[in-house]
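For reference, the structure is listed below as structure tokens.
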Amino acid sequence: MNGWSFDRHGAVAVLTFRRPPVNLIDFAALLELGDLLERCAAEPEGIKVVVLAGGTPGYFVNHADLADLERAGKGLVPPEELGSWDRALRLLEEIPQPTVAAIDGLASGGGNELALACTVRIGSVGARLEQPEVSVGIIPGGGGTVRLSRLVGPGVTADAVLTGRTFDADEAVRVGWLTLLLPGDDFFGEVLRWTGRVAAAPAAALSSAKRSIVAGSRMPFADAQQLEKSLFRALSANNTALREDSNA
């Protein structure tokens, strides 16, 4: 089966992309991903973490299907498909659940842009990340320059985008492109253990923490701090465990 599959591991939803031989992402897959993310968003209590993974050995998600880009350039793509990139990236950032890119293999171009829109990027020792668009005469169009620059700084981003070179797992985690590295023979099992620990927290706290981190990173400091305080107060007012401790 090609496209995205949906699996549950307790409160962790895993969306796995398979499109052999090299996991190129196309408009149809992006529409499907958007639908699955909306499905997850509708279950904020039952699903606490959403993981994106690659199901083709050696690949997370590869760059955009060039046939799709050619059709788009000729004006042959309907508006729903053209909007599929923005929709999927926005949902990765805005659904209540923290989103995790589990990168075991190559995340290239648009596939890396999907990872950048996730809350956390976890890599195996075989993870490889790149934005190669400049080498073929274009630039990233799904946030590759903007999100990467805010994550690792403009200098590292310039190196990555202008050269199109591949960052291996060690370099990517060192510069902050990858959030963390999970070595070992059972990468996916380690991802599930890590996300399972995250999913043990209350859903409301996870959602508020994600919102404060993602939205706050784009605001002036004082506004971000105010957002954090308002989320903290809302959670505290509705936290029965805190009230029980204070009355003990």
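Every heavy atom of this structure was used, including side-chain atoms; hydrogens, water molecules and symmetry mates were not.
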Closest non-hydrogen atom pair between L178 and L129, with its separation: CG-CD1, 4.0 Å
Whether F17 and W4 hold their rings parallel, tilted or perpendicular, with breakpoints at 30° and 60°: tilted
Residues that R174 engages under salt bridge (Lys or Arg N to Asp or Glu O under 4.0 Å), provided they are two or more places apart: E171
Ring pair (Phe, Tyr, Trp, His ring centres under 6.0 Å) contacts touching residues 145-183 (sequence neighbours left out): F167-W177
Contact summary for V161 and P140, nearest pair of heavy atoms: CG1-CD, 4.1 Å
Distance-only donor-acceptor check, side chains E228 and Q226, under 3.5 Å: no
Salt bridge (Lys or Arg N to Asp or Glu O under 4.0 Å) partners for D7, two or more places apart: none
Which residues share a salt bridge (Lys or Arg N to Asp or Glu O under 4.0 Å) with D159, sequence neighbours left out: R165
Contacts of T56 that satisfy side-chain hydrogen bond (donor to acceptor under 3.5 Å, both in side chains) - sequence neighbours left out: N23
Residue pair V61 / L52, side-chain heavy-atom distance below 4.5 Å: no
Donor-acceptor under 3.5 Å (S84 side chain, E81 main chain): yes
Ion pair check, R71 and D26, cut-off under 4.0 Å: no
Partner set under side-chain contact (heavy atoms from CB on, under 4.5 Å) for V146, not counting sequence neighbours: R150
side-chain contact (heavy atoms from CB on, under 4.5 Å), paired with R87, selected from D35, L30, L37, L33: D35
